[in-house]
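Remember, predicted model here, so these are calculated numbers, not experimental data. When a ligand or atom number is given, it counts from 1 through the structure's own listing order.
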Amino acid sequence: NTSLLLDAPVGGEVRFIYYGDKLSTSDAATLLETEQKTFSAYPVYGLNCPSESALSVTHGDGNMTLQLEVIKVDTRKEQTADITTIRLKDKVYPFYMNLCYRTYPDADIIETWTEITHEEKKAITLNRFASAYLPIRKGDVWVSHLYGSWANEAQLAQEPLRPGIKMIKNKDGIRNSHTAHAEVMISLDGKPKENTGSVIGAALCYSGNYKLFFDTDDSDYHHFFAGINEENSAYTLKAKESFRTPELALTYSKDGLSGSSRNFHAWARKHKIANGATARKILLNSWEGVYFDINQEGMDQMMSDIQSMGGELFVMDDGWFGDKYPRNKDNSSLGDWMVDARKLPRGIEGLIADANKHGIKFGIWIEPEMVNPKSELYEKHPDWVIHYPNREPYYYRNQMALDLCNPQVQDFVFGVVDKLLSENPDLAYFKWDCNSMLTNPYSFYLKENQSHLFIEYVRGLYKVLERIQEKYPDVPMMLCSGGGGRCDYEALKYFTEFWASDNTDPVKRIFMQWGYSYFFPAKSISAHVTSMGDQSIKFRTDVAMMDKLGFDINMDKLTEAERQFCREAVQNYKRLAPIIQEGDQFRLVSPYSGNHAAVMYVTPGQDKAVLFAYDIYAQKYVERSYPIRLQGLDPQRSYRVVEINKMDSVPARPFVEDGKTFSGEYLMKIGLQAFSDFRESSRVIEITAQ
Ligand code: GLA
């Protein structure tokens, strides 16, 4: 439903013309004639010094200028997409760049990136190498983006673009989404609205340091650039070597922020996240229930608990490994991926046997990129660890990163997963954690090329993940990094879901899950019921059900009534999963706009829907309730609305529309009085076409 129009005459420059609603061929031709073609589709440093550039290089002879002209344009078909490549060459130097665009006929997403190579005598240096540039016409343009910190991920910021530079960046080295996200929404016609207005969405598919910025200069445009953060990362490229920048995924919708989000969600499920089309299992993870206190009986008990809830998978978290150094705290053993036989005498085999006994699957936590100095691995291979040869190291969470630039280290990290899976083929799930940023930046392997460290680390990581995916394509993996520290669309190629935050307080989670949903589909957002927060089990479960439901809790601490509620909720979730995980999401009431939040999902056939309504800080008598107007239904059809996940002990205003039937038009024009107006209460409503 969208068009991106460029002018790329052979022998000339490549110019940006248009991005937005789909144009007919004749309208595109007219626009091509009338448009002034002011902006390069990819500005390079050289002839136009004052403007920001996407690419800047130092040639082998020291010259720092570029002037690229089109040599050829071609389009080739991939299995599910088409790639159009604009091949460019410098007018003077044997320097080549491909500007690439991948379009998916079944998803409103265009990915763009560059490929750089040269045949100069000496190596060249890449100083700046953005993936993409997009001019955005001025007006009342706003940007929505996510910011935060550990335990406070994915908070939403919305601000108008003003003169000067608005930059969103990361320099953590490994974890790249705790403090800011490499995805943005750009609302073109005024303050961002969820369901109306023109919105461009952009997601940089990259797991390392990034930089997205808008330069608002004296022209009629905002200039948007996105790519790898080049700070401390000047890249030396020898002749015939090629450098590929990460993809920037672009989308456009006139149905507001929610419309652009739905485009991302559909593309993610169809093309981007690992096994995007498969169903996800309801799991219990051991972390918040027992922390490091792992033992065979305790794990067996937790497996029995999740089985009795109707769940399908148990994941043993941190604390199961270490021989010379047992892992009882976070200060040792990372790197020593052998079972601690003192805690688990029957080993992983025994745990899998227990899982089989309970009729569920078994998965395991690993953090294979990291090492504690107190480990056998560090004692054996200190040169595999990123740290200074000649300075006191700094430890974050008592650990350091392994040097994934080094192919031997890549083999080791791949080997962690490979060994576990070849010894235990029934192992059904991995939670892959990464609890530190890149500290003490020095690679023994890279020697004099230290400025390649941040980039080569990420490439090394992808090589490992690629090998795992190739050998074990069906094993689901959760992407975790001290909560939501690593969440981007390139990493998600290898992961089925991500851990959204170590903060599982449901009120915090409403805000986070709202924020993540701007870019990521529900089935990728792991949301677990835990003991954090003192709200009712209903409120905690209703929040977790908005995304991919799981548990991280010691079920012993639940009352029988709470257990019964959870059992019913699991059954409800199993029935609703196709709607929540595969349906279209509509964000209806923002938690940022008041005391409530509401989100709904609708199947593509518009026959089933589910509404989640949350009262956050609402106070009885003080709060004036209002109906929630639904979206995405067929106005002509009738729908029956039924409240589910009910719990008598939780106070709520009665749901007056319960069990009644309404036209889609009524539900979208008038709405449902689903807010219950009690502090931290919630409602889940199942909507079925009659
Ligand atoms: C990180 C994760 C947690 C848990 C711990 C284990 O903080 O986010 O879920 O796995 O590590 O150390």
Side-chain angles (χ1 to χ4, degrees), residues 148-154 172 174-179 207 283-295 298-299 302 306 313-322 325-337 340 343 362-372 374-375 395-401 416-417 420 429-437 476-488 491 495-506 508-509 512-513 516 524-533 540 544 547-554:
S149 58
W150 173 77
N152 189 33
E153 291 89 339
D172 186 292
I174 302 184
R175 308 166 315 163
N176 69 351
S177 60
H178 264 141
T179 52
S207 311
L283 64 80
L284 170 66
N285 184 61
S286 66
W287 181 244
E288 290 193 36
V290 297
Y291 295 102
F292 291 103
D293 192 10
I294 298 274
N295 59 60
M299 297 299 99
M302 291 186 109
I306 187 61
L313 168 70
F314 173 71
V315 181
M316 177 172 69
D317 207 285
D318 200 351
W320 60 267
F321 52 94
Y325 304 106
R327 174 87 167 164
N328 295 325
K329 287 201 278 185
D330 64 14
N331 65 351
S332 75
S333 330
L334 288 176
D336 302 344
W337 299 104
D340 183 345
K343 297 179 185 171
F362 179 78
I364 201 163
W365 178 96
I366 50 171
E367 194 180 352
E369 294 157 81
M370 294 284 158
V371 64
N372 289 116
K374 198 169 156 193
S375 66
Y395 302 121
Y396 182 84
R397 214 200 193 216
N398 306 305
Q399 63 193 61
M400 296 193 279
V416 173
V417 175
L420 281 165
Y429 185 94
F430 282 91
K431 175 175 173 184
W432 178 302
D433 214 331
C434 169
N435 278 309
S436 172
M437 72 282 271
M477 295 209 289
M478 179 201 278
L479 176 61
C480 178
S481 177
R486 199 186 240 171
C487 167
D488 66 82
F495 292 87
T496 40
E497 61 214 69
F498 63 92
W499 183 226
S501 178
D502 282 346
N503 190 340
T504 47
D505 179 291
K508 257 340 258 188
R509 277 297 182 113
M512 291 179 191
Q513 290 170 215
Y516 280 124
S524 71
I525 305 171
S526 300
H528 294 179
V529 180
T530 75
S531 314
M532 214 179 273
R540 287 182 269 150
D547 287 310
K548 184 198 168 256
L549 174 70
F551 294 84
D552 227 293
I553 196 167
N554 187 340

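- Shown here are the salt bridge (Lys or Arg N to Asp or Glu O under 4.0 Å) partners of D502, two or more places apart in sequence or in another chain: there are none.
- One finds no salt bridge joining R327 and D340 here, because no Lys/Arg side-chain nitrogen approaches an Asp/Glu carboxylate oxygen to under 4.0 Å.
- Between S333 atom OG and N328 atom CG the span is 7.5 Å, to the nearest 0.5 Å.
- Checking each of N285, V290, I364 against M316 for a side-chain contact (heavy atoms from CB on, under 4.5 Å) leaves exactly one that passes, namely I364.
- Summarising the geometry of K343 relative to F292, their closest heavy-atom pair is NZ-O, 3.8 Å, with the distance given to 0.1 Å.
- For the atom pair CD (E367) and CG (D330), the distance works out to 9.5 Å, reported to the nearest 0.5 Å.
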Between the protein and ligand 1, which nitrogen or oxygen pairs come in under 3.5 Å, and how far apart is each?
unit_1, atom_1, unit_2, atom_2, d
ligand 1, 7 (O), N435, OD1, 3.4
ligand 1, 7 (O), D502, OD2, 2.8
ligand 1, 8 (O), G483, N, 2.9
ligand 1, 8 (O), D502, OD1, 2.5
ligand 1, 8 (O), D502, OD2, 3.3
ligand 1, 9 (O), K431, NZ, 2.7
ligand 1, 9 (O), W499, NE1, 3.4
ligand 1, 10 (O), D317, OD1, 2.7
ligand 1, 10 (O), D317, OD2, 3.2
ligand 1, 10 (O), W365, NE1, 3.0
ligand 1, 10 (O), K431, NZ, 3.1
ligand 1, 10 (O), D433, OD2, 3.2
ligand 1, 11 (O), D433, OD2, 2.9
ligand 1, 11 (O), N435, ND2, 3.1
ligand 1, 12 (O), D318, OD2, 2.6
ligand 1, 12 (O), R397, NH1, 3.3
ligand 1, 12 (O), R397, NH2, 3.1

